[in-house]
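A short write-up of the structure that comes next.
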Amino acid sequence: APATFVIKGLMALLAYFVFAALEKKTGKEIVSRIISAVCAELLMVFGYFAFEGVLYGFAASAVNIPANLVQGVAGLIIGVILVKAFKRI
């Protein structure tokens, strides 16, 4: 749980700063959201890989990369849909 707390917090910070920079530069909200989400999800995959690598070894940790990528893609898709839905409310 502590690793997830740190990784998810860093993901939120990264997503915010990437989104803010891209939104300011390009003015395209949806593109900025998607790019910032991809950056955050890649951070999640790397963060879990690094944490599990220290605990179990990096070869064993590499086994979880596909599952974490699936989790990241699902989070990205659901997140973009939810943001669009909540903006309409």
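Throughout, numbering of the chain's residues begins at 1 and tracks the sequence. All values derive from a computational prediction rather than experimental measurement. When reading the values below, keep in mind they use all heavy atoms of this one structure, side chains included, and skip hydrogens, waters and symmetry mates.
- Between A15 and S36 the shortest heavy-atom distance is O-CB, 3.4 Å.
- Heavy-atom minimum distance, K84 versus I30: CD-CD1, 4.3 Å.
- Atom CD1 of I35 sits about 11.0 Å away from atom CG of L76, to the nearest 0.5 Å.
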Given the rule in the side-chain contact (heavy atoms from CB on, under 4.5 Å) test, do T4 and Y48 qualify, once you have shown the distances and angles that lead to the verdict? CA-CA 8 Å; T4 297; Y48 283 134; 3.1 Å; yes
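- Shown here for C39 and V18, the closest heavy-atom pair between the two residues is SG-CG1, 4.4 Å.
- The cluster map of Ile, Leu, Val, Met, Phe, Trp and Tyr, joined by side-chain heavy atoms under 4.5 Å apart, puts V6 and M11 in the same cluster.
- Counting all heavy atoms, side chain and backbone alike, E52 lies closest to N64 at OE1-ND2, 3.0 Å.
- F46 and L10 fall into different hydrophobic clusters, where Ile, Leu, Val, Met, Phe, Trp and Tyr residues are linked whenever their side-chain heavy atoms come under 4.5 Å apart, directly or through other members.
- Remark: K8 NZ is packed, more than 12 non-hydrogen atoms of other residues, nucleotides or ligands lying under 6.0 Å away.
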Before you tell me yes or no, could you show the steps for R33 and E23 under side-chain contact (heavy atoms from CB on, under 4.5 Å), namely the whole-Å CA-CA distance, both residues' side-chain angles and the distance that decides it to 0.1 Å? CA-CA 8 Å; R33 287 195 191 281; E23 176 71 11; over 6 Å; no
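- When the side chains of ILVMFWY residues are joined at heavy-atom separations under 4.5 Å, either directly or via intervening members, V31 and V83 end up in two distinct hydrophobic clusters.
- Summarising the local packing, CZ of F58 is surrounded by more than 12 heavy atoms from other residues, nucleotides or ligands at distances under 6.0 Å.
- Across all non-hydrogen atoms, the minimal contact from S32 to T26 is OG-OG1, 3.6 Å.
- Between the side chain of S61 and the backbone N or O of F49, at least one donor-acceptor pair lies under 3.5 Å.
- One hydrophobic cluster holds both I78 and F86 under the rule that ILVMFWY side chains link at heavy-atom gaps under 4.5 Å.
- Residues L14 and F51 fall into different hydrophobic clusters, defined by Ile, Leu, Val, Met, Phe, Trp and Tyr side chains chained together at heavy-atom separations under 4.5 Å.
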From CA spacing to verdict: side-chain contact (heavy atoms from CB on, under 4.5 Å), I34, V80: CA-CA 7 Å; I34 291 171; V80 169; 4.1 Å; yes
